[in-house]
Amino acid sequence: MNDAATSPVESRQEGERLHVLGLLVGFVTGLPQLVFPVVAAVFGVRSADNPVLVPIIILVALFFSVFFRWLAWMRFHYYVGDYDIRIEKGILSRNARSIPYERIQDVSLEQKPLARIMGLAEVKFETGGGAGEDAKLSFVAVAEAERLRELVRVRKSGTEIADEADDDAAETPPVFAMNARRVFILGLFSFSLFIFAVLGGAAQQLDFLLPFDFWDLSAWVGIAEERGVNVDRINGVSLAARMILTSVALAALLFIGFASGVFRTTLREYGFRLDRTAKGFRRRRGLLTLTDVVMPIHRVQAAIIQTGPLRKIWGWHALKFVSLAQDSKEESNYVAAPLATLDEIWPIATAAMIDAPDTGIAFRKGEGGWWLSGFVGLALLVFVVMASIMVFAEAPLRQAANVLWLLLPFGFLIWFNRRNYRDAIDDRQLYVRNGWWQQNLTIAPQIKLQTIEISQGPIARRQGLASLRFGISGGELEMVALPIATARAIRDAILERVTAVDYSAINRPL
C-alpha cells in the first residue's frame, strides 16, 4: 500500500517518459525521410539484377527506424521541478537541458493529425533565445500537456494551482474569430506559387527515376512529337492564337497561385479563434495541425497593424504583437488577427494596453534628403563596382554608366517608401508607419522600450539628420530622417518618462 501511495512521487523524481504512442506518431510522420534512401537502394539492387533483396532492404530500413526511435524514447526523460523543467536525452552522448520557469516565454501545444487521433500533443517551450522553441516534448497526453502549461504559468506567477473551475473551462464568446468565408478571402490575398517550388524540388531529387533529363527542352519536344504533336506547326500558329494560348497559360498560372494560397491558408488558419482569458490571449487554429498558444498580455511589447494596397481597398488589416517569444517558423510575431477590420482590431489592441492614435495626432513625413542621399550612395557604389569590373575586363567605362539605368526600379521603391513613411509620438506611445506593398503601423508603449540609440552615417551627419533606434523585446523600432535636435529631444523626453516607471508593477505576470 505504501509503495502504491508513493509511486507517483517516486516516478516524478525519477523523471517521466513521453507517451508510448508517440513512437507510432513519430514513425509514421518520419516515413517520408526514408523514401529517398530506400528508393536509391532499391534502384541500386535492381541494377545489380538481384530483386530478391528489395523487400529485405525495405524491412531493414523500417526495423532500424523503429529501433532507434524506441531507443531514443527509452533514453528520454523530463523532470518537473520546483524551479525548472529538465530534459535529459541522448543514446550515446547524454544531454541534460534545464529551463528555469522564469525564463520560459511561451508554452505552446501542437497537435498534428495523427497525434489528434491518438489524443496526444506536442509541448514546445520557448525562452526567446532567437532559435525557435528551446525544447519540446513529442508527444504527451493532452491532459499532461495542459497540466504542464498551467504549471509553468503558476510557477512563474507564484500563485497556487487553479481549481477545476478554470477560466478556460467555461467557453465564452471569442474576442475575434474567422469563419470559412474570411479564411477563403485571406487565402485569395495570400497568392502563392509554392506548388511550383515543391514540384521543382521533387523533380530535381527524383530526376534519376525518369528515362530523360527533366530540364532538357529537346527531350520534352521529342516526347510531344511521339504523341503526334508537330512542333513546327505550333510555331506557325497565328499571332491571335498565340495570344489566346498565352492568356490561357497566364490564367492557369493565376488559378494555381490563388488555389495554392487558399489551400495553405485554410490548413493554417481554419477555425481561427482568439479568446481573452485570465492568462492572456489564447489562440487556437489549424485544420489538420491544431495549435493552441497562450500569449500573456504583460509580454506584449508592441503592436503591428499590417495591410497592403489591395487589402486596404476593402478595409482589411492584420494585427500582430511583438514579444520575446516567436510565434512559429513562418511568423516571428504573434498573430492576433490575420484578417480583420480596424473596428475589430482596436479592441484587441486596447486589451493589450496599446491604444489607437488620436485623430488629432500629427504624423511627421521625414526629411526627403535622407532618402535621396541613400539612393545617390547606392548609385555611386554600383558605378564604382561596375567601373572596376570594366577596367579589369578592359572594356569601355561607358558600359558601367549604362548599368545605372537598372537602378531606376530601386529609385521608384525608395520614392514609394518615402511617400508612405510617417512617425509620431505622444505622451504614451511611439508610432511608425512605413512600407509600400506591405504597409505597417507599429505602435510601441514608451515604457516597454529597452534601449534608445541615435545613429548618424557620414552623409546624414553632414545633413544634420539622424535616426532613432528603439530596442524592444523581440524586435526593433526605428524613426528615421530626424533633425538631430529633434532626435535628442525625443530621446530625452522618453528617458524621463521611462525612469519614472515602476517596472515591477508593469511586468508583473497575470
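FYI, the numbering just counts along the sequence from 1.
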*Asks:* For V335, does its backbone N or O pair with a side-chain atom of R283 as donor and acceptor, under 3.5 Å?
*Replies:*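 Yes; at least one donor-acceptor contact below 3.5 Å.
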*Asks:* Please work out which of the three classes, parallel, tilted or perpendicular, describes the rings of F63 and F67, given edges at 30° and 60°.
*Replies:*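 Aromatic pair F67/F63 classed parallel.
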*Asks:* For G315 and H317, work out which heavy atoms get closest and say how close.
*Replies:*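 The answer is O-ND1, 3.4 Å.
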*Asks:* After noting the C-alpha distance and the side-chain angles of L250 and T246, does the key distance pass the side-chain contact (heavy atoms from CB on, under 4.5 Å) rule?
*Replies:* CA-CA 6 Å; L250 290 176; T246 303; 4.3 Å; yes
*Asks:* Could you grab the distance from atom CZ of R311 to atom CD1 of I313, nearest 0.5 Å is fine?
*Replies:*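 Atom-to-atom, R311:CZ and I313:CD1 are 12.5 Å apart.
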*Asks:* Hey, what do you get for CD1 (I494) to CG (L430), rounding to the nearest 0.5 Å?
*Replies:*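 I494 atom CD1 to L430 atom CG measures 4.5 Å (nearest 0.5 Å).
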*Asks:* Start with the C-alpha distance between E476 and R469, add both sets of side-chain angles, then the distance that settles salt bridge (charged side-chain N to carboxylate O under 4.0 Å, His left out), and finish with yes or no.
*Replies:* CA-CA 7 Å; E476 187 177 87; R469 296 175 182 173; 5.1 Å; no
*Asks:* Is F184 atom CZ crowded by more than 12 heavy atoms from other residues, nucleotides or ligands, each under 6.0 Å away?
*Replies:*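 No, because the 6.0 Å sphere around CZ of F184 holds 12 heavy atoms or fewer from other groups.
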*Asks:* What's the shortest heavy-atom distance between V293 and S108, and which atoms?
*Replies:*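 So the minimum-distance heavy-atom pair works out to CG2-CB, 3.6 Å.
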*Asks:* Could you tell me if T307 and Q439 have a donor-acceptor pair between their side chains, going purely by distance under 3.5 Å?
*Replies:*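 Absent: no donor and acceptor within the cut-off.
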*Asks:* Answer yes or no: is there a donor N or O on one side and an acceptor on the other, between the side chain of R285 and the main chain of L274, under 3.5 Å?
*Replies:*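 No; judged by distance alone, with no hydrogens or angles, the pair does not exist.
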*Asks:* Given side chains that start at C-beta, do those of P338 and M178 come closer than 4.5 Å, heavy atoms only?
*Replies:*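 The answer is yes, as the side chains (C-beta and beyond) meet within the 4.5 Å cut-off.
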*Asks:* Verify whether one side chain among D426 and Y431 offers a donor that lies under 3.5 Å from an acceptor in the other.
*Replies:*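 The answer is yes; a qualifying pair exists.
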*Asks:* When you look at CZ of F412, are more than 12 heavy atoms from neighbouring residues, nucleotides or ligands closer to it than 6.0 Å?
*Replies:*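 It does not: F412 CZ has 12 such atoms or fewer within range.
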*Asks:* Looking only at atom types and distance, does a side-chain atom of R86 sit under 3.5 Å from a main-chain N or O of G81, one as donor and one as acceptor?
*Replies:*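 No: the side chain of R86 does not pair with the backbone of G81.
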*Asks:* Could you tell me whether F375 atom CZ has more than 12 heavy atoms of other residues or ligands within 6.0 Å of it?
*Replies:*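 Correct, the count exceeds 12.
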*Asks:* Would a distance-only check, ignoring hydrogens and angles, find a side-chain to backbone donor-acceptor pair under 3.5 Å from R428 to I425?
*Replies:*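 No.
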*Asks:* For N420 and W437: C-alpha separation, side-chain torsions, deciding distance, then whether side-chain contact (heavy atoms from CB on, under 4.5 Å) applies.
*Replies:* CA-CA 10 Å; N420 287 275; W437 185 251; over 6 Å; no
*Asks:* Between the side chain of Y79 and the main-chain N/O of S98, is any donor-acceptor distance below 3.5 Å?
*Replies:*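 No; zero donor-acceptor contacts below 3.5 Å.
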*Asks:* Within the supplied structure, the quantity of interest is the number of heavy atoms (other residues, nucleotides, ligands) at a distance under 6.0 Å from F191 CZ; does it exceed 12?
*Replies:*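 Enclosed: over 12 neighbouring heavy atoms sit under 6.0 Å from CZ of F191.
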*Asks:* Can you tell me how far apart CG (L339) and CD (E269) are? Round to the nearest 0.5 Å.
*Replies:*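 Result: 9.5 Å between the selected atoms.
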*Asks:* Would the distance check show the side chain of Y421 and the main-chain N or O of A481 forming a donor-acceptor pair, the cut-off being under 3.5 Å?
*Replies:*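 No; judged by distance alone, with no hydrogens or angles, the pair does not exist.
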*Asks:* Got W316 and L310 here, is their nearest side-chain heavy-atom distance under 4.5 Å?
*Replies:*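 Heavy-atom side-chain distance check fails, nothing below 4.5 Å.
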*Asks:* Would you indicate whether the side-chain heavy atoms of M479 and F470 approach each other to under 4.5 Å?
*Replies:*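 Yes, their side chains come closer than 4.5 Å.
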*Asks:* Using only atom types and a distance under 3.5 Å, with no angle test, would you say the side chain of S260 pairs donor to acceptor with the backbone of I256?
*Replies:*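 Side chain of S260 to backbone of I256: a pair is present.
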*Asks:* Is there a side-chain contact between Y83 and P100, using heavy atoms and a 4.5 Å cut-off?
*Replies:*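 No, their side chains stay 4.5 Å or more apart.
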*Asks:* Please answer whether the main-chain N or O of G366 pairs with a side-chain N or O of R418 as donor and acceptor at a distance below 3.5 Å.
*Replies:*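 Checked: pair present.
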*Asks:* What are the two closest non-hydrogen atoms of G187 and T265, and how far apart are they?
*Replies:*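 Here G187 and T265 meet closest at CA-OG1, 3.5 Å.
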*Asks:* L109 versus V142: any side-chain heavy-atom pair under 4.5 Å?
*Replies:*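 Answer no - side chains too far apart.
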*Asks:* Is any side-chain N of the basic residue among D275 and R273 closer than 4.0 Å to the acidic one's carboxylate O?
*Replies:*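 Result for this pair is yes, salt bridge flagged.
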*Asks:* Using 30° and 60° as the class limits, which term best fits the ring planes of F68 and F64: parallel, tilted or perpendicular?
*Replies:*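 If you compare the ring of F68 with that of F64, the planes turn out parallel.
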*Asks:* State whether R147 and E150 are salt-bridged, where the test is any N-O pair (Lys NZ or Arg NE/NH1/NH2 against Asp/Glu carboxylate O) under 4.0 Å.
*Replies:*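 Salt bridge between R147 and E150, a charged N being under 4.0 Å from a carboxylate O: no.
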*Asks:* Counting only N and O atoms by type, is there a donor-acceptor contact under 3.5 Å from the side chain of Q301 to the main-chain atoms of A444?
*Replies:*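 Looks like no, no N/O pair under 3.5 Å.
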*Asks:* May I have the step-by-step check of side-chain contact (heavy atoms from CB on, under 4.5 Å) for D82 and R155, ending in yes or no?
*Replies:* CA-CA 8 Å; D82 294 332; R155 295 289 168 83; 4.3 Å; yes
*Asks:* Where is the tightest heavy-atom contact between A135 and I87, given as atom of each residue plus distance?
*Replies:*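 Between these two residues, the closest heavy atoms are CB-CD1, 3.5 Å.
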*Asks:* Which heavy atom of L342 sits nearest to which heavy atom of P347, and what is that distance?
*Replies:*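 Closest approach of L342 to P347, heavy atoms only: O-CD, 4.5 Å.
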*Asks:* Quick one: are P357 and I443 in side-chain contact, heavy atoms under 4.5 Å?
*Replies:*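 Touching, per the 4.5 Å side-chain cut-off.
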*Asks:* Looking at side-chain heavy atoms only, is the closest gap between W370 and S467 below 4.5 Å?
*Replies:*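 Yes, close enough: below the 4.5 Å cut-off.
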*Asks:* Once rounded to the nearest 0.5 Å, what's the spacing between atom CH2 of W73 and atom CD1 of I91?
*Replies:*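 Here the interatomic distance stands at 13.5 Å.
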*Asks:* About how many Å separate CZ of F258 and CG of L188, when rounded to the nearest 0.5 Å?
*Replies:*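 That separation rounds to 6.5 Å.
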*Asks:* Any donor-acceptor pair under 3.5 Å linking the side chain of K89 with the backbone of A72?
*Replies:*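 Not confirmed, K89 side chain does not pair with A72 backbone.
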*Asks:* Tell me if the centroids of the rings in F321 and F281 come within less than 6.0 Å of each other.
*Replies:*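 Yes.
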*Asks:* In Å and rounded to the nearest 0.5 Å, what is the CD to CG distance from E144 to L120?
*Replies:*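 Answer for the CD-CG pair, E144 versus L120, is 11.5 Å.
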*Asks:* Locate the shortest heavy-atom distance separating A302 from P445; write the atom from each residue and the value.
*Replies:*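 Looks like CA-CD, 4.4 Å.
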*Asks:* Kindly indicate, with the supporting measurements, whether the criterion side-chain contact (heavy atoms from CB on, under 4.5 Å) is fulfilled by Y78 and V140.
*Replies:* CA-CA 11 Å; Y78 67 95; V140 297; 4.1 Å; yes
*Asks:* Would you indicate whether R94, at its atom CZ, is surrounded by more than 12 heavy atoms from other residues, nucleotides or ligands within a distance under 6.0 Å?
*Replies:*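 Counting neighbours around CZ of R94, more than 12 heavy atoms of other residues, nucleotides or ligands fall under 6.0 Å, so yes.
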*Asks:* Side chains of R422 and K365, heavy atoms from C-beta outward: is any pair under 4.5 Å?
*Replies:*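 A side-chain contact under 4.5 Å exists here.
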